[in-house]
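Whatever order the structure lists them in is the order used to number ligands and atoms, beginning at 1. As the structure is a prediction and not an experimental result, all values here were calculated from the model. Both backbone and side-chain heavy atoms feed into the values below; hydrogens, waters and symmetry mates do not.
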Amino acid sequence: MADPLPFSPALRRPPEGAADRLLVVMSDIEMGPGGPLDDFPHSDFLGEVLLAYGREPFADLAVDLVFNGDTLDLLKTPWQDTHPHHITAEVALGKLAQIIEAHGGFFDALGEFLAPGPERRRVWFVVGNHDIDLLFPEVCDAIRERIGAPEDSVRFPGIELDIGDVHIEHGCQSDPMFAVDIEEPFLEHEDNRILNLPWGTIGLLEMALRLQPVLFHLDRLRPRQTLFELMPEVQELLRSVAFRYWTRDYWRNWLRQRDPVKKVSWTLFKDIAYRLGSSDFELSVTAKFQALLKDGEHRVIVIGHEHAAGMWTWGGRRLLRTGCMRDEYMLEDEGTAQRRIPWSWAEIYLKGGEAVRSHLVDAEGPPSLPGRVPESIFDVLPRVRELLATSHGPEVSAAVDEQEMDEQESEEEDEP
Ligand SMILES: [Mn+2]
């Protein structure tokens, strides 16, 4: 196997004695339940990368592996062939079991990496919008148990983590669609504790995931704008499904059942309009962290979430945005070529709690697995056209029809 670490690790690190701790920060791995819909089929390779941080030339350093959100794609992992939006601990554990089953290489590597003990090696799981389920203590316990490491070694800090003068968070808290209500992470519903999901997540679960069996590969393609220009039908389908959902179905269910996870506010309306009408919201997320870099007290800030690596500086301070680790491809030559986007993660070296060096590591990552990438991105077009023609697609309209029938029934009952 090729050296999993690109360019010389010995050159990346400060000289011996100039640092005592290394933070390795990765985001948006998005490991799912295995199979073609899983966006991350590379756990064995990732395991090799992680184990390399336990060896020379890092052996004199305490090493923290920080998985900065969307590590586990619990959002898109089904539970009993459905995508419920009432997530109890039982549902979360059921989804987690599939991910653990499909990604043994990752969890085995963590167990081995942590063997020297929590003084030298720690692992952190920061919450992202794909793994909000990590807020359940039951889920944390199950992950620790699979890794086979004690509480001190595998830590769950919630939505953010500060180590020395370094601040780490996924980035979804600045995204109005996916911000987790950290004041009230759980709700009581029918004697169950359920996750208080952000409204963007509910939309994905109720609407977008119905299209996943058709669109899963297109979802891995960048830039989005090029994809939509090459296949306007795809954008049209997503727009019509989203418009119908946000203007009708979301509210309708709320009115009928007083669904506790669904919130209604004018901010929500504003955000929906913003999201449907504008594409520059990514800039606003980054701008928020740039402001924090200037006005806060952190020397280094690390975020993810956007699936695009970047770096901004303010004097000696820096904001690092890690790229994603899941399979994504860049469209080239009018969509006839798909080039895999490299992995990129962050290394931050500290001495006595102060960041002394930080950078992004760009790595080619593992080769694509055979059969993963369709010969042509256009193969899916007939199916997309079919979905468009049947107004909002069979899956989508079937769900909506069901709802309409329910509603008629309940309206009849409710009539005074
Ligand atoms: Mn995210």
Side-chain angles (χ1 to χ4, degrees), residues 25-33 37-40 42 46 65-77 83 85 87 92 95-96 99 103 106 124-135 139 156-161 167-182 185 195-205 207-209 212 215-216 218-224 238 242 271 274-275 279-289 292 301-310 319-328 341 343-346 360:
V25 186
M26 296 177 171
S27 73
D28 304 280
I29 301 173
E30 301 194 6
M31 49 186 88
L37 301 192
D38 191 327
D39 296 322
F40 184 78
H42 305 294
L46 175 60
L65 300 182
V66 183
F67 299 106
N68 188 22
D70 294 1
T71 311
L72 313 176
D73 194 357
L74 287 153
L75 171 66
K76 296 211 298 297
T77 299
H83 292 283
H85 70 271
I87 312 286
K95 294 187 293 175
L96 176 67
I99 296 176
H103 296 277
F106 172 74
W124 307 78
F125 288 87
V126 176
V127 170
N129 51 301
H130 284 247
D131 47 16
I132 304 172
D133 316 47
L134 290 171
L135 293 171
V139 168
F156 299 89
I159 56 154
E160 59 186 10
L161 169 65
H167 176 75
I168 301 167
E169 67 172 272
H170 180 61
C172 57
Q173 290 309 99
S174 303
D175 183 340
M177 257 182 109
F178 295 112
V180 180
D181 183 352
I182 212 64
L195 278 180
N196 185 10
L197 294 177
W199 59 269
T201 304
I202 297 167
L204 282 174
L205 290 168
M207 159 188 70
L209 286 184
Q212 195 200 11
L215 300 184
F216 69 94
L218 300 190
D219 183 53
R220 297 172 187 155
L221 301 178
R222 309 269 152 170
R224 271 291 133 72
L238 288 169
D271 290 342
Y274 186 38
R275 194 70 172 216
S279 59
D280 63 1
F281 102 103
E282 279 185 20
L283 295 176
S284 75
V285 173
T286 303
K288 213 204 109 174
F289 285 101
L292 181 64
I301 299 174
V302 191
I303 57 172
H305 186 56
E306 303 290 350
H307 297 206
L319 168 62
L320 299 173
R321 192 173 68 195
T322 51
C324 70
M325 313 285 282
R326 74 167 196 156
D327 275 350
E328 289 198 357
I341 297 173
W343 285 2
S344 99
W345 65 87
L360 291 173

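Ion pairing between Arg326 and Asp219 holds under the 4.0 Å rule for side-chain N and carboxylate O.
For Phe40 and Phe106, the ring centers sit 6.0 Å or farther from each other.
Distances under 2.8 Å from the Mn ion (ligand 1) pick out the protein N/O/S atoms Asp70 OD2, Asn129 OD1, His170 NE2, His305 ND1.
Across all their heavy atoms, Pro198 and Ile132 have their closest contact at CD-CD1, 3.5 Å. Scanning all heavy atoms of the two residues, the minimum distance from Asn68 to Val302 falls at ND2-O, 3.6 Å.
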Q) What's the verdict on side chain to side chain contact (heavy atoms under 4.5 Å, CB included) for Asn129 and His305, showing C-alpha distance, side-chain angles and the deciding distance? A) CA-CA 8 Å; Asn129 51 301; His305 186 56; 3.2 Å; yes

Q: Go through Trp343 and His42 one step at a time and tell me if the side chain to side chain contact (heavy atoms under 4.5 Å, CB included) criterion holds.
A: CA-CA 12 Å; Trp343 285 2; His42 305 294; 4.1 Å; yes

